[in-house]
Amino acid sequence: MWLIGMMGSGKSTVGALAAQRLGLDFYDTDQMVCDRAGLSIPEIWQTHGEKRFRELEGEAVTSVPPGTVAAAGGGTVLDPANREIIASSPPVVWLRTRPETMAARVGNAGDRPLLDAPGDASDRLERILAERATLYLRLATHVVDTDELTAEQVTAEVVSICQS
Ligand code: S3P
């Protein structure tokens, strides 16, 4: 199963908890890219550029084994090849989150190159979401609105989706 959605939607936290509950392995494409490169995401972005980051991200998506819980970095859905791989391992759950909620959750934007610029993080997140919302919606087999829920509650929903 895959968790998709924007930065700050809770994919990594919920994915790890859900995997534990379900007794499955957990994969996080951001973590896989960093392990592979031996660099943090901002370092990869600075040294090699976004294009290289997206290539490594595509390799990470390809190497996630079936029958696991996986969190897809927010931008994975931009690549049709990634979308095809994700769609082939349902359920695909979109953790849908409002920009203000994401902005409050991401805190240190220094970890996220797309937000590391002057101006309001919430506005940037809103613009990025507008570009991607249709892709998330089309790819998702299920949508969980996370704004009013704790990580525990989102996890319970995800576990129940996987068991249904
Ligand atoms: C990105 C989301 C980040 C990370 C990178 C780019 C994006 O992952 O892959 O900073 O394009 O939305 P998270 O969604 O796990 O924060």
Side-chain angles (χ1 to χ4, degrees), residues 1-19 25-64 68-87 89 92-140 142-147 149 151 154-155 158:
M1 70 119 358
W2 283 90
L3 293 174
I4 60 169
M6 294 277 291
M7 300 163 255
S9 60
K11 296 168 304 221
S12 303
T13 305
V14 168
L17 286 168
D25 288 332
F26 174 57
Y27 288 80
D28 185 323
T29 61
D30 285 339
Q31 193 57 54
M32 293 165 83
V33 166
C34 293
D35 290 349
R36 175 92 194 273
L39 297 169
S40 68
I41 290 177
E43 284 168 346
I44 298 170
W45 218 277
Q46 253 166 32
T47 317
H48 304 291
E50 177 175 356
K51 186 163 173 287
R52 180 65 188 138
F53 173 78
R54 297 296 176 198
E55 283 167 10
L56 291 167
E57 188 173 53
E59 287 169 22
V61 169
T62 313
S63 50
V64 169
T68 61
V69 174
T76 47
V77 298
L78 297 170
D79 181 336
N82 289 344
R83 294 201 296 273
E84 198 174 317
I85 293 168
I86 291 171
S89 287
V92 179
V93 184
W94 177 19
L95 301 187
R96 185 166 57 185
T97 307
R98 287 196 293 265
E100 315 83 80
T101 311
M102 296 182 227
R105 288 188 192 152
V106 290
N108 175 14
D111 294 344
R112 266 110 170 169
L114 287 178
L115 302 182
D116 196 11
D120 187 39
S122 183
D123 288 346
R124 293 179 77 79
L125 285 160
E126 190 167 357
R127 273 201 300 277
I128 299 169
L129 177 61
E131 290 163 13
R132 296 179 182 168
T134 312
L135 297 174
Y136 290 135
L137 190 59
R138 271 206 229 125
L139 189 55
H142 299 76
V143 180
V144 176
D145 284 307
T146 74
D147 297 279
L149 302 181
V154 178
T155 302
V158 168

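First listed ligand is number 1; within each ligand, the first listed atom is number 1. We use all heavy atoms of the structure for the numbers below, so side chains are in, but hydrogens, waters and symmetry mates are not. Keep in mind that what you see is a predicted model, and the values were worked out from it rather than measured.
Residue contact check for ligand 1: S12 places no non-hydrogen atom closer than 4.0 Å to it.
For the atom pair CZ of R132 and CG of L78, the computed distance is 5.0 Å after rounding to the nearest 0.5 Å. Separation of atoms OG (S9) and CG (D145) is listed at 11.5 Å; rounding is to 0.5 Å. Taking CG of L114 as the start and CE of M6 as the end, the distance is 8.5 Å to the nearest 0.5 Å.
Which parts of ligand 1 touch P113 is read off a 4.0 Å heavy-atom cut-off, strictly below it: atoms 10 (O). Within the listing of ligand 1, atoms 10 (O), 16 (O) sit less than 4.0 angstrom from a heavy atom of R112.
Within the 4.5 Å cutoff, the side chain of L129 has heavy atoms near those of the P99 side chain. Put simply, the side chain of D79 does not reach to within 4.5 Å of the side chain of E57, judged on heavy atoms.
With hydrogens left out, the protein atom closest to atom 12 (O) of ligand 1 is R132 NH1, 2.7 Å, a heavy atom. Shortest contact from atom 14 (O) of ligand 1 to any protein heavy atom: K11 NZ, 2.5 Å.
Of the N or O atoms in G5, none lie within a sub-3.5 Å distance of an N or O in ligand 1.
One finds a salt bridge joining E55 and K51 here, because a Lys/Arg side-chain nitrogen approaches an Asp/Glu carboxylate oxygen to under 4.0 Å.
Of the options E57, R54, E50, R105, the smallest heavy-atom separation from atom 11 (O) of ligand 1 is shown by R54. Compare V77, I4, I128, D30 by their heavy atoms: the one nearest to atom 15 (O) of ligand 1 is in D30.
When heavy-atom distances to ligand 1 are checked against a 4.0 Å cut-off, D111 has no atom that comes that close, whether in backbone or side chain.
For the side-chain contact (heavy atoms from CB on, under 4.5 Å) with L95, the lone residue among I4, T146, L149 that qualifies is T146.
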